[in-house]
Structure formats: structure tokens, C-alpha cells
Amino acid sequence: MTENQFDVVVIGGGPAGYPAAIRAAQLGLRTACVDAWVAPDGSRPFGGTCLNVGCIPSKALLESSELYHRAQSEFAAHGIEAGSLSFDVGKMLERKRSIVKQLTSGIEALFKGAGVTPIHGRARLEAGNRVEVDGPDGKRTLEATHVVLATGSTPIELPVAKFDGERIVDSSGALEFTEVPKRLGVIGAGVIGLELGSVWRRLGAEVVLLEALDTFLYMADQQVATEALKQFKRQGLDIRLGAKVTGAERRGDAVSVRYEQGGKAEEIEVDKLIVCVGRRPYTDGLLGPNTGVELDERGFIRVDDHCRTSARNVWAVGDVVRGPMLAHKGTEEGVMVAELIAGHVAEVNYRTIPSIIYTAPEIAWVGQTEEQVKASGRKYKTGVFPFSINGRAKALQQTVGFVKIIADREYDDILGVHIIGPMAGELIAEAVVAMEFSASAEDLQRIIHAHPTLSEALHEAALAADKRAIHALNR
Ligand code: NAD
């Protein structure tokens with residue numbers, strides 16, 4: 001083989017692409033991973049949106065702002081006198097960048113260890129599984145037996161509120177504010193809007209979220225969504241539902257945002273505006289003529305259950321294909337595809353993909369919501385257990401929220417688990433394992449949960465589904 005011939009070429013080095021490349025190399029396939037990312041400092045990191053401007057940096061800032069907030073509002077209850085508190089946004093940003101740097105350079109090290117060839121540049125798939133790469137060292141053509149497309153997604157731009165990179169920004173821009181905006185507007189009270197709105201609210205911004213839908217967190221269990229709305233409002237997030245944005249214009253150093261709510265025209269003025277109304281699959285310039293790769297009506301690359309595209313030996317994984325735009329979903333698809341290419345049997349269980357919103361309280365779920373189960377006509381039971389009577393939650397001073405389990409009324413299999421509360425994103429892992437192994441509520445009831453832990457709330461919720469919780473009244 002020449003240096004341009006590979007068994008597998010992965011286009012895109014985000015959380016779907018880079019694990020696909022590593023797994024393919026582990027399985028003995030000669031593999032390259034091509035990525036076009038250029039960071040503001042001119043470096044060319046792997047890791048995609050997730051590591052560079054998404055999951056990781058947002059969690060870094062969420063942690064910093066949450067620590068500040070807790071020091072302000074909770075230390076006194078612990079008998080801790082912290083004196084006057086202050087924060088330095090610059091240091092928070094530095095810490096965030098350092099975490100990103102460590103993780104992105106880690107991928108290069110992993111590639112080296114596994115034997116993946118990293119290639120920097122913009123790749124384009126041509127007919128016959130050739131991949132043209134235009135990079136810092138010029139152009140080259142790769143020949144691949146298999147190509148995996150993992151080019152991810154990009155923020156949707158609203159025609160009525162176009163990004164200007166300064167005052168009207170996308171989620172990446174909102175992770176780079178060098179000072180706390182006094183008045184922050186957010187269009188879209190979805191996952192990004194709530195996470196980034198929380199960061200800047202905790203640091204003192206007045207935050208208004210304009211959400212087009214009348215239903216808050218439509219994709220979540222509505223019992224959880226109701227509790228979340230109550231808590232976020234209590235934190236001072238001004239969430240306006242049924243608010244349809246009709247325009248946003250710069251006015252000097254401010255942005256004026258016009259919207260309609262309940263048939264009335266409204267207007268607010270903010271210092272910064274984050275537009276986070278969803279993401280679209282990113283395929284710009286990716287496909288040459290006659291590749292045979294089809295897109296669906298929404299622009300996603302069309303794939304089957306095993307991520308095969310309509311072209312022979314071309315696969316697609318992650319945000320660029322149907323399904324939830326979640327890093328871990330893309331990762332599992334990438335690994336599955338590498339294994340299928342190597343001749344193994346592999347599957348992704350799309351029914352047990354957990355979702356997490358990293359607000360405080362955190363929100364996490366797996367499986368169906370109560371609304372979905374009800375609509376399916378299945379007979380079900382629910383068990384709910386509040387953190388307010390969980391010993392560990394009390395010790396942590398984090399007693400807001402609950403765990404809710406939905407199980408089949410007759411067969412007892414777990415259909416969905418929904419958590420709002422401390423460490424929900426970690427706790428949901430147990431529910432995912434349970435559902436992956438087709439556990440019943442009784443299985444969870446009989447599993448020993450250490451005391452005192454937050455996980456006891458999950459145990460008690462399973463017990464509550466059969467009205468046998470020990471630490472609740474089972475009404
Ligand atoms: P989203 O789909 O979660 O939320 C977008 C919100 O914007 C929706 O509630 C929608 O109703 C609203 N909206 C759309 N058009 C509007 C308009 N014109 N005016 C007002 N509201 C409008 O999308 P997002 O928050 O942008 O996130 C993008 C993707 O990234 C999602 O798929 C999300 O799951 C993923 N993501 C996940 C995480 C995580 O797992 N914690 C974090 C960040 C992003």
C-alpha cells in the first residue's frame with residue numbers, strides 16, 4: 001500500500017469520527033482520520049465541536065460558575081464564612097482552554113498509540129471512494145476501501161437574527177464572552193440555551209430566554225420539565241414560552257430583539273444575544289458528484305440501522321445522520337461501523353441512549369417519557385422518589401428534584417427513567433445498564449444500593465412503582 005492508500009478513511013475527528021478511527025486501527029485496519037478544524041490560535045486540533053467548542057468547554061464554565069454560585073448561596077449553611085467573593089472571567093476562560101487543550105492533544109496521542117494516521121485538511125468524497133484533501137501541506141488524494149463520514153453539525157442561523165460574531169453569537173461565541181453581559185438574551189430554551197443561560201446567570205447576568213414553543217422542554221418527561229421550569233425561574237432565568245422572534249438588530253452597543261407572544265408584539269434590549277435554535281447536519285462541500293451518497297429531506301446523510309449510506313462501502317455516523325445529536329450516540333455508531341467493516345457483528349441500541357442537561361439541578365433520562373408511554377396505549381405504573389428525603393442529598397445541601405421510574409404495569413419491564421436533581425447525569429448510568437439488560441423494576445428493587453448515596457433515590461423510586469418504598473408514604 002502507498003502512503004495514500006487506506007482500508008478506512010474517516011472524515012471528521014469529533015466524538016463520532018475519532019473513536020471510529022481508533023477502533024478500526026485496533027482491529028488491524030490501516031486507518032486515517034481527516035479533520036479540517038482550525039482553532040483561533042492557528043492549531044489544528046482533533047475533537048470536533050464536542051471537545052473544542054461544545055460539551056467540554058461548556059461543562060468547564062458550568063462548573064466554575066456553579067462553584068461561585070454555591071460559595072455565594074450555600075457556604076453559610078455549612079458554617080463557612082468566605083468573606084467577600086469575586087471571580088475572574090479571564091481565569092475561567094483560561095482554565096476552560098487548558099482543559100480543551102489537554103483533551104484534544106490526548107486524541108493525537110491516542111491516534112499514535114493505536115496507529116491511526118492523522119491528516120489535517122478539508123476532505124471531499126469523490127466517486128470510487130477517493131478522498132480529496134486540501135490541507136496546510138497542499139492537496140492529496142486518498143484511496144480508501146471504506147469511508148466513514150463523520151462531519152457533525154453546525155448551529156442553525158435564524159434569518160431574522162443573523163450572527164455577527166460580536167453581539168449576536170452562536171454557542172461557541174457564548175463560551176468566549178470576556179466579561180459578564182449585564183443583559184443577556186437567548187433565543188431557544190433548549191439544551192444549549194439553558195446550559196449557557198445558567199453559566200452567565202450565575203455570574204450575574206440578567207437572562208431572558210425566548211422559546212418559540214408553548215411547552216417547556218418538550219422532549220423531556222413533563223413532570224420533570226415542570227419541576228425544571230420552577231427551579232430555573234427561582235434562579236432568576238426569565239423564560240418566556242410561546243415567544244416567536246421576528247427580528248434582532250444592533251443598536252449601538254446593544255441588540256434589540258423583537259418577538260411575538262400571545263398575539264402581542266414585544267421588544268427587549270440586551271447586550272449580547274445567543275441564538276441556539278438547534279443544529280443542522282454539516283455536509284457543506286463534502287460530497288463530490290456521483291458519489292451515490294443520498295441526503296434526506298432535512299439534509300442528513302441517509303443511512304440504515306447500521307449507518308450504511310446508499311453508496312457501497314461508505315458509512316456515516318454522528319450528528320450528520322438521523323437520531324439525537326449527542327456525542328455518545330455518535331461514538332457508539334463510530335465504534336459499531338469500525339467493527340462491521342472489520343467483519344464483526346455490532347449494533348447500537350437506540351432505545352437506551354441517555355440524555356443529560358447540565359443545569360443545576362441536572363436533568364437526565366433514558367427511555368420513554370410518561371407522555372410517550374401513555375400515547376403508546378401501554379398500561380404502566382410510575383414510582384417517584386424525591387431527593388428531599390435522601391440522606392446524602394441532604395448532606396450535600398442539594399435536595400431539589402426527584403427520580404421517576406416508569407415500568408410496564410403487567411410485565412414490570414422498565415420503560416423510562418427520569419431524574420432531576422444532584423448528579424442526575426451520573427445516576428442515569430445505572431438506569432441505562434438496567435434497561436440495556438432488560439431489567440424489571442423488581443430487579444432494581446432487589447439490587448443493593450450503598451447507603452448513604454444518591455443512588456438510593458433510584459432504588460426507592462423502583463420500590464415506589466410497587467408502592468413499597470421504605471422512606472416514603474406510598475400514596
Ligand atoms: P435544541 O433543539 O435543544 O433547542 C432549540 C430550542 O430552540 C427548541 O426548544 C426550539 O423550540 C427553540 N426554537 C427554535 N426556533 C426558534 C425561534 N425562532 N425562536 C425561539 N425559539 C426557537 O437545540 P440546541 O439547544 O441549539 O442544541 C443543539 C443540539 O446540540 C441539540 O440536539 C442538543 O441535544 C445538542 N446538545 C446537547 C447537549 C447535551 O447533551 N448536554 C448540550 C448542548 C447541545
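On a predicted model such as this, the values are computed, not experimentally measured, just so you know.
Side chain of Glu456 to backbone of Thr453: a donor-acceptor contact under 3.5 angstrom is found. Using modelled atom types, no side-chain atom of Arg322 and backbone atom of Ile301 make a donor-acceptor pair closer than 3.5 Å. No donor-acceptor pair under 3.5 Å is formed between the side chain of Ser198 and the backbone N or O of Thr359. In this structure, the side chain of Asn474 engages the main chain of Ala469 through a donor-acceptor pair within 3.5 Å. No donor-acceptor pair under 3.5 Å is formed between the side chain of Gln235 and the backbone N or O of Leu237. Panel note: side chain Gln398, backbone Ala393; no donor-acceptor pair is recorded below 3.5 Å. A donor-acceptor contact shorter than 3.5 Å is absent between the side chain of Ser355 and the backbone of Ala364. Although no hydrogens or angles enter the test, the distance criterion places a donor-acceptor pair under 3.5 Å between the side chain of Glu333 and the main chain of Gly318. Looking at Thr215, its side chain never comes within 3.5 Å of a backbone N or O of Tyr218 through a donor-acceptor pair. No donor-acceptor pair closer than 3.5 Å links the side chain of Gln261 to the backbone N or O of Gly242.
Every salt bridge (Lys or Arg N to Asp or Glu O under 4.0 Å) that Arg280 has, sequence neighbours left out, goes to Asp284.
For the pair Gln368/Ile406, no side-chain contact is recorded, criterion being any heavy-atom separation below 4.5 Å from C-beta on. Taking the side chain as every heavy atom from C-beta outward, Glu195 and Ile192 never approach each other to under 4.5 Å. No side-chain heavy atom of Val191 sits less than 4.5 Å from a side-chain heavy atom of Leu217. Within the 4.5 Å cutoff, the side chain of Arg95 has heavy atoms near those of the Ser64 side chain. At a threshold of 4.5 Å between non-hydrogen side-chain atoms, the residues Thr382 and Glu370 count as touching. Contact check for Leu93 versus Phe177: no side-chain heavy atoms found under the 4.5 Å cut-off. Looking at heavy atoms from C-beta onward, Met92 lies in side-chain contact with Leu203 at the 4.5 angstrom threshold. Side-chain contact between Leu427 and Ser455: present, with at least one pair of heavy atoms (C-beta onward) separated by less than 4.5 Å.
Between the CD1 atom of Ile414 and the OG1 atom of Thr352 there is a distance of 12.0 Å, given to the nearest 0.5 Å. Separation of atoms CD1 (Ile239) and CG (Leu210) is listed at 11.0 Å; rounding is to 0.5 Å. Note that the CD atom of Glu227 and the CG atom of Asp221 stand 12.0 Å from one another [nearest 0.5 Å]. For the atom pair SG of Cys276 and CG of Leu196, the computed distance is 6.5 Å after rounding to the nearest 0.5 Å. Atom CG of Leu444 sits about 5.5 Å away from atom CG of Leu458, to the nearest 0.5 Å. The CG atom of Leu241 lies 6.0 Å from the CG atom of Leu229; values are rounded to the nearest 0.5 Å.
No more than 12 heavy atoms of other residues, nucleotides or ligands shown are found within 6.0 angstrom of CD on Glu179. By the neighbour-count criterion of 12 heavy atoms within 6.0 Å, atom CE of Met423 is sparsely surrounded, having that number or fewer from other residues, nucleotides or ligands. Heavy-atom contacts from other residues, nucleotides or ligands closer than 6.0 Å to CD of Gln397 number more than 12. By the neighbour-count criterion of 12 heavy atoms within 6.0 Å, atom CZ of Arg351 is sparsely surrounded, having that number or fewer from other residues, nucleotides or ligands.
Checked against Glu206 for a salt bridge (Lys or Arg N to Asp or Glu O under 4.0 Å), the options Arg183, Lys182, Lys272 give a single hit: Lys182.
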Given the rule in the side chain to side chain contact (heavy atoms under 4.5 Å, CB included) test, do Val224 and Phe402 qualify, once you have shown the distances and angles that lead to the verdict? CA-CA 8 Å; Val224 168; Phe402 55 82; 3.9 Å; yes
Leu175 vs Lys96, test: side chain to side chain contact (heavy atoms under 4.5 Å, CB included). Steps then yes/no. CA-CA 9 Å; Leu175 292 168; Lys96 176 203 76 166; 4.0 Å; yes
Glu347 vs His306, test: side chain to side chain donor-acceptor pair (under 3.5 Å). Steps then yes/no. CA-CA 7 Å; Glu347 292 281 343; His306 290 96; 3.2 Å; yes
Would you please test Phe300 and Leu295 for side chain to side chain contact (heavy atoms under 4.5 Å, CB included) and show each step? CA-CA 5 Å; Phe300 290 93; Leu295 304 185; over 6 Å; no
Run Phe46 and Trp37 through ring pair (Phe, Tyr, Trp, His ring centres under 6.0 Å) and show every step you take. CA-CA 7 Å; Phe46 282 88; Trp37 199 279; over 10 Å; no
Chi angles and distances behind the side chain to side chain contact (heavy atoms under 4.5 Å, CB included) call for Leu51, Ile107: CA-CA 10 Å; Leu51 266 72; Ile107 296 177; 3.6 Å; yes
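The pair Arg258-Glu267 does not meet the salt-bridge criterion, since no charged nitrogen lies less than 4.0 angstrom from a carboxylate oxygen. In this structure, Glu94 does not pair ionically with Lys101, as no charged nitrogen and carboxylate oxygen lie closer than 4.0 Å. The pair Arg378-Asp413 meets the salt-bridge criterion, since a charged nitrogen lies less than 4.0 angstrom from a carboxylate oxygen. Remark: Glu410 does not engage Lys381 in a salt bridge, criterion side-chain N to carboxylate O under 4.0 Å.
Taking both residues in full, the closest heavy atoms of Ala114 and Ala25 are given as O-CB, 3.3 Å, listed atom of the first, atom of the second, then distance. The two atoms that bring Trp200 and Pro181 nearest to each other are CE3-CD, 4.0 Å, heavy atoms only. Among all heavy-atom pairs drawn from Ala360 and Phe232, the shortest one is O-CE2, 4.1 Å. A pairwise comparison of heavy atoms in Ser65 and Arg202 identifies OG-NH1, 3.2 Å as the closest pair. The two atoms that bring Pro422 and Val400 nearest to each other are CD-O, 3.8 Å, heavy atoms only. Nearest heavy-atom pair, Leu415 versus Ala407, reported as atom, atom and distance to 0.1 Å: CD1-C, 4.0 Å.
No hydrogens or angles considered: a donor-acceptor pair under 3.5 Å links the side chains of Tyr68 and Gln72. Side chains of Thr226 and Gln222: no donor on one and acceptor on the other come within 3.5 Å. A donor-acceptor pair shorter than 3.5 Å cannot be found between the side chains of Glu108 and Tyr18. With 3.5 Å as the limit, one finds no donor-acceptor pair spanning the side chains of Glu260 and Thr246. Counting only N and O atoms by type, the side chains of Lys404 and Gln223 include a donor and acceptor under 3.5 Å apart. A donor atom on one side chain and an acceptor atom on the other are found under 3.5 Å apart for Ser153 and Asp319.
Applying the side-chain hydrogen bond (donor to acceptor under 3.5 Å, both in side chains) test to every pair with at least one member in residues 383-393, sequence neighbours left out, gives no pairs at all.
Relative ring orientation between His449 and His459 is described as parallel, the plane-to-plane angle staying below 30° on a 0-90° scale split at 30° and 60°. The aromatic rings of His418 and Trp365 sit parallel to each other, their planes meeting at less than 30°, with 60° as the upper class boundary.
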